[in-house]
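Data block below; observations after.
Atoms considered below: every heavy atom in the structure, side chains included; atoms not considered: hydrogens, waters and symmetry mates.
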Amino acid sequence: MTLTSSADELAAAAPEGTLVVGVTEVTHYTDRLFRFRTTRPSSFRFRSGEFVMIGLMIDGKPLYRAYSIASPAWAEELEFFSIKVPDGPLTSRLQNIRVGDGILMRKKPTGTLVNDALIPGKRLYMFSTGTGIAPFASLIRDPETYEKFEEVVLTHTCREVAELRYGEETVAATMDDPLIGEDYARKQLRHYMSVTREEYPFRGRITDLITSGKLFSDLGLPPLDPATDRAMICGSMEMLRDTKQLMIDAGLREGANNEPGEFVVERAFVG
Ligand code: A2P
């Protein structure tokens, strides 16, 4: 049985009003994680950090899941970073995509992990676990992020060391990017990685590293302060709940698109 179809075949079968994007690159990082890139329709606009519904035709019906767009708003291609769930209705099939295959995409991106949802501050923390790094892969490649915040601290915590690789590669490419490397990222971006289930120089959940103060001492930064610090959080439901509570304890208030605040939250969607 063919699980995927070419962009042309899919365009013929796609529901009306849906975009079809063509896969241009696929990289498998571990048996749980992969990245893929697609063409970007010229009509498709989004703000860095937003997500969009993407999907496949399965048994003649479209099946969608929310995916953060990992590429920045200015990029010519779209990038996504996905988990592979063995029994996941979409990801068990999506993990088999190849260059030239088509993917369905709804037209309207949305989301709260956008610069507009935060009031200005000095330092922006981006707390992520697992595939929750995806919206930050977009935001660290957007000059607007560095124009709004003097310092950007991206934290990424995974179970295993190999799961950090997408983030490492993305940050390295960002540092070398002609548009944002020299002027912004090399001066303003810091990347802090920790691992919970294997040996690694930095160990532990981000929540424990915040609570113990180790995150701040490792980085040489002061504790969280609502006067200067802003935060964006993306990970599992449990990680969001616990990290959000630490922000509230530190005196930061949650924001939204229509009412900017000092931190914002978005779940890393899976399925
Ligand atoms: P742990 O290994 O201790 O469960 P997952 O792949 O399950 O989403 O986990 C990604 C990372 O998030 C893991 O390092 C995991 O740590 C961590 N994690 C899981 N739950 C929480 C939580 N409630 N708060 C902070 N980190 C969490």
Side-chain angles (χ1 to χ4, degrees), residues 15 17-21 23-26 32-41 43-56 62-85 88-91 93-95 97 102-118 124-142 144-145 154 156 166-167 170 230-241 243-244 254-261 263-271:
T18 309
L19 299 168
V20 174
V21 293
V23 176
T24 55
E25 189 253 18
V26 184
R32 293 206 317 142
L33 295 171
F34 72 113
R35 169 187 88 184
F36 57 97
R37 293 191 177 136
T38 74
T39 53
R40 175 176 181 175
S43 61
F44 182 73
R45 298 280 163 82
F46 67 99
R47 293 181 293 171
S48 296
E50 286 189 315
F51 66 85
V52 67
M53 304 302 289
I54 65 172
L56 294 173
L63 178 71
Y64 292 96
R65 290 286 181 268
Y67 270 81
S68 290
I69 304 166
S71 42
W74 53 262
E76 279 174 24
E77 289 193 318
L78 300 175
E79 180 177 299
F80 301 94
F81 183 47
S82 178
I83 195 148
K84 307 175 197 176
V85 182
L90 182 65
T91 65
R93 292 162 168 98
L94 196 63
Q95 64 179 284
I97 53 167
I103 292 178
L104 300 172
M105 191 171 80
R106 291 235 183 99
K107 287 181 174 173
K108 286 252 176 278
T110 184
T112 56
L113 298 185
V114 290
N115 284 316
D116 290 348
L118 291 176
L124 173 60
Y125 284 95
M126 298 169 166
F127 297 115
S128 69
T129 54
T131 56
I133 194 173
F136 304 137
S138 172
L139 285 158
I140 62 166
R141 292 185 268 188
D142 194 325
E144 196 188 288
T145 307
L154 167 63
H156 190 207
Y166 168 77
T170 303
R230 305 290 170 259
M232 292 181 171
I233 313 172
C234 192
S236 64
M237 291 305 280
E238 297 73 30
M239 178 274 191
L240 295 185
R241 181 198 60 212
T243 314
K244 173 176 167 166
E254 185 167 2
N257 272 284
N258 56 4
E259 201 185 352
F263 77 92
V264 281
V265 169
E266 194 130 86
R267 115 166 239 238
F269 308 88
V270 293

Intermediate values then yes/no, side chain to side chain contact (heavy atoms under 4.5 Å, CB included), Phe80 and Thr38: CA-CA 8 Å; Phe80 301 94; Thr38 74; 4.1 Å; yes

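- Using bins of under 30°, 30° to 60° and over 60° for the plane-to-plane angle, the ring pair Tyr166/Phe81 lands in the parallel bin.
- Here the shortest heavy-atom pairing between Phe34 and Ile83 reads CE2-O, 3.9 Å.
- Nearest approach of Ser82 to Thr91, heavy atoms of both residues: OG-CG2, 4.0 Å.
- In terms of modelled atom types and a separation under 3.5 Å, the side chain of Arg267 and the main chain of Leu240 share no donor-acceptor contact.
- Counting all heavy atoms, side chain and backbone alike, Arg65 lies closest to Pro89 at NH2-CG, 3.6 Å.
- Contact detail for Ser71 and Ser138: the closest heavy-atom pair is O-OG, 2.9 Å.
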Intermediate values then yes/no, side chain to side chain contact (heavy atoms under 4.5 Å, CB included), Thr243 and Tyr125: CA-CA 12 Å; Thr243 314; Tyr125 284 95; over 6 Å; no

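- The two residues Ser236 and Thr129 have their closest heavy-atom pair at N-OG1, 3.8 Å.
- Looking at heavy atoms from C-beta onward, Met239 lies in side-chain contact with Ile233 at the 4.5 angstrom threshold.
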Working for side chain to side chain contact (heavy atoms under 4.5 Å, CB included), residues Thr24 and Glu76: CA-CA 12 Å; Thr24 55; Glu76 279 174 24; over 6 Å; no

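- Using a 4.5 Å heavy-atom cutoff, the side chains of Thr145 and Ile140 are not in contact.
- The side-chain contact (heavy atoms from CB on, under 4.5 Å) with Val265 is formed by just one residue from the set Arg241, Met232, Glu254; it is Glu254.
- Atom CE of Met53 is separated from atom CZ of Arg106 by 5.5 Å, given to the nearest 0.5 angstrom.
- With rounding to the nearest 0.5 Å, the separation of CG in Asn257 from CD in Glu50 is 7.0 Å.
- Residues Tyr64 and Thr18 come closest through the heavy atom pair OH-CG2, 3.2 Å.
- Of the possible donor and acceptor atoms, none in the side chain of Arg47 sits under 3.5 Å from a partner among the backbone N and O of Pro109.
- Phe44 has its side chain within reach of Ile69: a pair of non-hydrogen atoms, C-beta onward, lies under 4.5 Å apart.
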Phe46/Leu78 under side chain to side chain contact (heavy atoms under 4.5 Å, CB included): CA gap, chis, key distance, verdict: CA-CA 10 Å; Phe46 67 99; Leu78 300 175; 3.8 Å; yes

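- Between the CD1 atom of Ile54 and the CG atom of Leu90 there is a distance of 7.0 Å, given to the nearest 0.5 Å.
- The line from CZ of Phe36 to CD of Glu79 is 10.0 Å long, rounded to the nearest 0.5 Å.
- The closest donor-acceptor contact from the side chain of Glu266 to the backbone of Thr112 lies under 3.5 Å.
- With hydrogens and angles ignored, the 3.5 Å screen pairs no side-chain donor or acceptor of Ser68 with any backbone N or O of Phe51.
- A heavy-atom distance below 4.5 Å is not found between the side chains of Lys108 and Thr110.
- Side-chain contact between Leu19 and Leu104 is absent, with no heavy atoms from C-beta onward closer than 4.5 Å.
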